[in-house]
Amino acid sequence: MAVTWESIQEGQPLPALDKQPGVTQLVKYAAGSGDFNPLHHDPSFPQAKQIGSIIVHGRFKYASLGELVSNWLGHNGRIQKISCQYRGMDMPDQPIRCRGTVKRKWEEDGKKLAQVEIWTENEKGQKTTPGEAVVAFH
């Protein structure tokens, strides 16, 4: 059943979205986004060597959080605002779980709104990309 403003409750979790981008997916993402920083695809790049790996694009994780919220909404609303902060590195071929929770639900100027706390977490459960979104339901 599709999510509706009436059916959600504060504290309710969003269905998780799992990602595990490999190097090929990161190279494809670089081509689509124009972000060809070698830190995301070249293991011989000095920063990658120092870290011990290339890293997943922050904007890939941001886009994945947008996908999480969009999947949850389905066709019953739209994202009005979304933001995140890059707080930790994620490595290719490692699980990244996108998660979220309904933080607030309210009506304003005839609009049915919800604020959701969103984040990515690594396999250790550490939040690497916290953020939030505000959505408007139809």
Practice task
Could you give me the CA-CA distance, side-chain angles and deciding distance for N37 and H57, then say whether side-chain contact (heavy atoms from CB on, under 4.5 Å) is met?
Solution key: CA-CA 9 Å; N37 183 328; H57 298 78; over 6 Å; no
Practice task
Kindly indicate, with the supporting measurements, whether the criterion side-chain contact (heavy atoms from CB on, under 4.5 Å) is fulfilled by Q94 and E123.
Solution key: CA-CA 7 Å; Q94 298 299 313; E123 61 188 350; 2.9 Å; yes
Exercise for the section: Start with the C-alpha gap between D18 and I96, add the side-chain angles, then the distance that decides, and say whether side-chain contact (heavy atoms from CB on, under 4.5 Å) holds. Expected result: CA-CA 6 Å; D18 293 323; I96 299 170; over 6 Å; no
Problem - Stepwise side-chain contact (heavy atoms from CB on, under 4.5 Å) check, K105 with I8 - result: CA-CA 8 Å; K105 172 182 167 178; I8 65 169; 3.8 Å; yes
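For E121 (side chain) and T128 (main-chain N/O), no donor-acceptor pair under 3.5 Å exists by modelled atom type. Checked by atom type and distance alone, the side chain of Q115 never pairs as donor or acceptor with a backbone atom of K103 at under 3.5 Å. A donor-acceptor distance shorter than 3.5 angstrom exists from the side chain of N76 to the backbone of V3, with no hydrogens or angles considered. For S33 (side chain) and D35 (main-chain N/O), a donor-acceptor pair under 3.5 Å exists by modelled atom type. A distance-only check finds no donor-acceptor pair linking the side chain of D109 to the backbone of K111 [under 3.5 Å]. A distance-only check finds no donor-acceptor pair linking the side chain of T101 to the backbone of G11 [under 3.5 Å]. Remark: the backbone N or O of L113 is not paired with any side-chain donor or acceptor of W106 at under 3.5 angstrom. When atom types are taken as modelled, the side chain of H40 and the backbone of I55 share a donor-acceptor pair closer than 3.5 angstrom.
Contact of the P21 side chain with the P92 side chain is not registered, since no non-hydrogen atoms from C-beta on lie closer than 4.5 Å. With a 4.5 Å cut-off on side-chain heavy atoms, V134 and Q80 count as touching.
A 6.0 Å sphere centred on CD of E6 holds more than 12 heavy atoms belonging to other residues, nucleotides or ligands.
Using a 4.0 Å cut-off between charged side-chain N and carboxylate O, E117 and K127 make a salt bridge.
Ring geometry for F60 against Y29 counts as perpendicular: the plane angle is over 60°, on a 0 to 90° scale with 30° as the lower cut.
If you run salt bridge (Lys or Arg N to Asp or Glu O under 4.0 Å) between D90 and each of K61, R97, K19, only K61 comes through.
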